[in-house]
Amino acid sequence: MTLSVHLKQLGSAQRVLLRDLRFEVKPGETLTLMGASGSGKSSVLAAIAGTLHSVAEGAQALRFDGTITLNGMDLTTLPTARRGIGLLFQDPLLFAHMTVAENLLFAVPPGSRAQRLQQVEQALADAELAGYGERDPATLSGGQRARVALMRALLARPSALLLDEPFSKLDAALRDQFRAFVFEHIRAQNIPAVLVTHDAADIANPAQVLELPAHV
Amino acid sequence: MTYLRRPFAVALLLLVGLPLLAVATQSLRALFDAAAWTSLINDAQWLPALGLSLWTGLASTALAWWITAWLLAQGFVRQHLGALLSSLPVMLATPHAAFAIGLVFLIAPSGWILRALSPWLTGFDWPPPWPTTQDPWGLGLIVALVLKEIPFLLWTAATQLQRDDVRQRWRAEHTLAQTLGYAPQRAWWRVVWPQLAPRLFWPLLAVLAYGLTVVDMALVIGPASPPTLAVLAWQWLQDADLAVNARGAAAGGVLALAVLVAALVCRALQALAARRVRRANGARGRQASVSYSLPGLWLLAGVYAAVLLALAVGSVAGVWRFPALWPDTLTAQAWLSVWASLDTVGTTLGLALASTVLALVWCVAWLEVSPRSWDRSLRPVLYLPLVLPAVLWVVGLYSVALQWRLEGQWLGLLLAHTVMVLPYVLLALSPAYLGFDPRAAQLSDSLGHGRLAFLWRVKWPLLRRSLAASAAVGFAVSVTQYLPTLYIGAGRFATVTTEAVTLAAGAQRSLTSAYAGLQFLLPVLAFGLAAWIGRPRRFRVVSA
């Protein structure tokens, strides 16, 4: 399952953010996209996930020209929901109206209830959060919330994972732990991942780093 | 400044809490009258009337609620909430009574719809003897209520969806649900709606209470024999016999109980639905590609346009034979007599302006100084006028006005209007006001500005749109007051609303239309003014 991205052009009606960006990520590997604020890092992820339209509206609305394929299948025209691409945001975005377990259950594909609940329990255990299922997400610590968000993204069994600065809001100690936790799971799931960051310490594999040009 | 905050909040609370509680206790005291209850129970009409009230109130609320949710779903998913909401102010401003009067002109046997179809399709040369205007099943009332409440619910939802803090987060959560494989529609129903719906509980309750207890609209388009319980109670309240008045108050008590029970049932149903949504089976839903929301909205706007056109044409119609689509003669007679009684308009405007200013000033002061916990726990008291049936509320209001020697006085009317306007203004203003980013105040503090400078130069200018819109809502609410105006004014004051509703029972089509049109025009002007005041600033240099 290889993710290949070729963006000929990405931008709004008013300005071009990126030209001719091309990369490929193999299963279990993580490509790191770096660049200054406003260089279009997050927009690249939005283009891959198919969520560009919700980034900005009106004259600022973004569009791109190019192709995105996953394991040879063209995703470009598919809606977000059918792409099988998970996205981890800067904020954990746990749903406030659901318990921790319900948040996870939300991601589990349809199936028998017992099996689905069992997957949730397994995910909680993986995240070292066994017994936290009935908690209100707001009562968790920052690190715990981040782990739940990752488990939720993985429970939907994505074919690729995009990480939009998921470490930037954690403090230094938690950051290292959570980073290791994320990369370990990406390897275990054997899916390609793209990480956006502006912190060199976040780089997953120094051999796979793309620096986006700064804008003037 | 901060040490004065709590005393100031207490003072504000007393200022509004005392009259509210006085009215509420007087209303409830009227219920401790055994003779009134016996007389109510022995009355042959009250049970069927209660049945009609429950049927029309519950059916209209449920329909309005689900249609609103569905329109919002489409609007949110297709990202044209803006378009969905742009036509709202006019619909929102249309008073219930004016809308009902116009709707009657459309659906009556001699109304426009049948005129358009006669005689070529129906073969009618005379209006048929159909009970389409005051049908005994209350269907006309239900349609009128649904059409009138959808804009209100949409608008209260919009005030939530357009809060800066909430909008971005829900948008992000909606996107996230899609990356988990949920179709956009399904993602809305699972993630956004369950968080939005509980926030609409008070508006929903207001719609429910209104539907169960409405009088002016039911007088125009509701069933007549038996009428709904609210209308029956109102007839009894106006009787010369004190014992019959007491029976009317008791009927108001029954309605209050009905509202309470219905509210509890509503809450339970909401909780149940929320539980089911959270425990759903994980099905992702199908990708729907067609959007019906804009057509749905156009339909709604079309009905409003037709209603208003019917009022406009009706107000200048002279002779108008049946199947003709256009009046045979046009006359300015009705508008001339409106002009002749200009003080009616003056009374309406004066009351609306004064009560709106009072309510707005109070609400801003309250939201600014009251501790958040006080505000939360006192909301039920402040919303009392929204949920108590108007027929019961005016009983309490009247006895308070008697005690304070305000009955039949302009000041008494002002009090009556202000206590009705205030909860609506509070409802309209709170989301934006409370959602205001608290960091702005800290920032302003750190720049060395005082509290007042911050309010005048930063907070209120930024909230200009919400402030203006809330004032327009208050104005519209005051203009449409019917029961309190008649009852507290002791018949000495006429407003465009009392004139329109009173005339609707008669046969003067053009005069009724003129007053109903005016009743519509005043709030619309207020909303137009609010939109103009709240328009976004145009920067001279758009981009570098």
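Below, all heavy atoms of this structure are taken into account, side chains as well, without hydrogens, waters or symmetry copies. A, B, ... follow the sequence lines: proteins, then strands. Residue 1 opens every chain.
- Contacts between A/F95 and chain B at a heavy-atom distance below 4.5 Å involve backbone atoms as well as side-chain atoms.
- With a 4.5 angstrom heavy-atom cutoff, A/L94 touches chain B only via backbone atoms.
- At a 4.5 Å heavy-atom cutoff, B/A187 makes no contact with chain A through either its backbone or its side chain.
- Taking the side chain as every heavy atom from C-beta outward, B/L176 and A/L87 never approach each other to under 4.5 Å.
- For CZ of B/R464, the number of neighbouring non-hydrogen atoms (other residues, nucleotides, ligands) closer than 6.0 Å is greater than 12.
- Taking both residues in full, the closest heavy atoms of B/G282 and A/R116 are given as CA-NH2, 3.2 Å, listed atom of the first, atom of the second, then distance.
- B/R190 touches chain A through backbone and side chain together, each having a heavy atom under 4.5 Å away.
- Contact check for A/D91 versus B/R169: no side-chain heavy atoms found under the 4.5 Å cut-off.
- Put simply, OG1 on B/T179 and CG on A/L93 are 9.5 Å apart, with the number rounded to the nearest 0.5 Å.
- In this structure, the portion of A/R113 lying under 4.5 Å from any heavy atom of chain B is its side chain and not its backbone.
- Counting all heavy atoms, side chain and backbone alike, A/F106 lies closest to B/A177 at CE2-CB, 3.8 Å.
- Across all their heavy atoms, A/A107 and B/R284 have their closest contact at O-NH2, 2.5 Å.
- Within 6.0 Å of CD in A/Q9 there are more than 12 heavy atoms belonging to other residues, nucleotides or ligands.
- No more than 12 heavy atoms of other residues, nucleotides or ligands sit less than 6.0 Å from atom CZ of A/R63.
- Taken from CD1 in A/I85 to CG in B/L180, the straight-line distance is 13.0 Å, to the nearest 0.5 Å.
- Comparing A/R152, A/R157, A/R82, A/M98 by heavy-atom pairs within less than 4.5 Å of chain B, the highest count is held by A/R152.
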